[in-house]
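In what follows, residues are counted from 1 in the order of the sequence shown. Computed over heavy atoms, backbone and side chain alike; hydrogens, waters and symmetry mates excluded. Predicted, not measured: the structure shown is a model, and the values here were computed from it.
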Amino acid sequence: MAENRAPEYTEGTPCWVDAQLPDVEAGKRFYGELFGWSFQDQPARSPGAVRALKDGEPVASLAHKTDGRMPTVWTVSFATPDAEALCGRIRAAGGQIVSAPLPVGELGVAALVTDPGGAVFGLWQPVGHPGFGRRREPGTFAWVELYTRDTEAANAFYGDLFHDALFGPGADPDFGRAPISDVFPAEMPPHFLVHFAVEDPAATMERVTRLGGRVQVPPFETSYGTAAVVTDDQGASFALLRR
């Protein structure tokens, strides 16, 4: 199901994803071949950062990981009209502010936060860049799943924080919550897993391994489609999803 850019995302709608990578050029080669992305420099975000485009529309960012101690990871950002106010609500509900809201050139305002369980996510207050130009079609964002140790607490936290996006009139959320089960290592922290839409998960997994990535979890059925979990050639995990 193709969907072009919405003029405004409801607060709490996943509106952007970015990968923090040791080697952005390697990331461009990997994702360019895997998803057919092209790239343009995005110095407003950080030196060496690039915006990924699918058919000329923005779909993601790749940025250089400046601190080797930080994880190589895909991060989802949720839309908000007021990042400062939302940070206050997150703090009051037991979350933490990792990076306070800061302008990103003329694109918007970004912040990095955690929920009470420690799962990290971003906030995006748009100015010149509203978010995804395409989503829910092959090679673009399709879903994000929160893996948490307390789904009831997560449902309460996000249900209050993002009520309209999750439960409001006409809501069609791309955001689920699931427990961290025994199949995960005991030390696995709560985390978000970004899903990209594909037409054939098995064929895409073969491309992942050919490009130097690996398969973590082969295709399995979920309530929102057929998913497989993989990593890129630098260790960033993400999922492939056919709906």
Side-chain angles (χ1 to χ4, degrees), residues 2 4-5 14-77 104-105 107 110 112 120-122 124 129 131-145 174 191-219 226-243:
N4 290 332
R5 181 187 292 118
C15 68
W16 198 244
V17 290
D18 64 270
Q20 298 289 320
L21 303 173
D23 188 336
V24 171
E25 289 301 314
K28 288 165 63 177
R29 291 191 294 271
F30 181 91
Y31 290 102
E33 186 165 345
L34 185 66
F35 292 138
W37 291 352
S38 58
F39 300 92
Q40 60 182 198
D41 292 339
Q42 199 174 24
R45 280 191 173 269
S46 63
V50 295
R51 179 184 291 180
L53 307 175
K54 180 70 173 179
D55 298 329
E57 295 286 350
V59 294
S61 290
L62 308 181
H64 177 63
K65 185 174 70 171
T66 56
D67 187 340
R69 296 170 296 180
M70 298 298 288
T72 300
V73 66
W74 277 98
T75 301
V76 63
S77 290
V104 182
L107 300 175
L112 194 67
V120 177
F121 61 99
W124 182 250
H129 170 56
F132 297 125
R134 292 182 180 275
R135 59 177 180 163
R136 299 175 174 175
E137 58 182 272
T140 71
F141 170 85
W143 186 267
V144 66
E145 189 79 357
D174 299 319
H191 63 283
F192 285 90
L193 182 64
V194 172
H195 293 54
F196 293 102
V198 297
E199 294 179 342
D200 186 339
T204 309
M205 284 192 310
E206 292 181 4
R207 291 204 302 275
V208 167
T209 56
R210 177 170 53 80
L211 292 167
R214 64 186 181 89
V215 176
Q216 289 183 296
V217 183
T226 301
V229 183
V230 299
T231 66
D232 65 18
D233 57 344
Q234 299 183 66
S237 296
F238 60 98
L240 310 172
L241 180 65
R242 182 182 65 210
R243 302 189 77 175

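Remark: Asp232 engages Tyr31 in a side chain to side chain donor-acceptor pair (under 3.5 Å) (not counting sequence neighbours). Judged as a ring-ring contact (aromatic ring centres under 6.0 Å, His included), and not counting sequence neighbours, the contacts of Phe121 are Phe78, Tyr158, Phe192. Under the rule for a side-chain contact (heavy atoms from CB on, under 4.5 Å), the partners of Ala63 that lie at least two apart in sequence or sit in another chain are Gln20, Ser46, Ala49. Every side chain to side chain donor-acceptor pair (under 3.5 Å) that Thr72 has, sequence neighbours left out, goes to Lys65. For Ala52, the side-chain contact (heavy atoms from CB on, under 4.5 Å) partners are Trp37, Phe39, Val59, Ala60, not counting sequence neighbours. For Glu25, the salt bridge (Lys or Arg N to Asp or Glu O under 4.0 Å) partners at least two apart in sequence or on another chain are Lys28. Residues passing the side chain to side chain donor-acceptor pair (under 3.5 Å) test with Ser38: none are found, sequence neighbours excluded.
Ring geometry for Phe196 against Trp74 counts as perpendicular: the plane angle is over 60°, on a 0 to 90° scale with 30° as the lower cut.
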For residues 234-243, which side-chain donor-acceptor pairs fall under 3.5 Å, sequence neighbours excluded?
{"from": "Gln234", "atom 1": "OE1", "to": "Asp23", "atom 2": "N", "distance (Å)": "2.8"}
{"from": "Gln234", "atom 1": "NE2", "to": "Asp23", "atom 2": "O", "distance (Å)": "2.8"}
{"from": "Ser237", "atom 1": "OG", "to": "Gln216", "atom 2": "OE1", "distance (Å)": "3.0"}
{"from": "Arg243", "atom 1": "NE", "to": "Tyr224", "atom 2": "O", "distance (Å)": "3.1"}

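Applying the salt bridge (Lys or Arg N to Asp or Glu O under 4.0 Å) test to pairs two or more places apart or on separate chains, none has a residue in residues 193-203. A salt bridge (Lys or Arg N to Asp or Glu O under 4.0 Å) check over residues 203-217, counting only residues at least two apart or in different chains, returns the pairs Glu33-Arg210.
Judged purely by atom type and a 3.5 angstrom limit, Trp124 uses its side chain to pair as donor or acceptor with the backbone of His129.
With respect to Asp233 and Arg29, no salt bridge is recorded, no charged nitrogen being found less than 4.0 Å from a carboxylate O.
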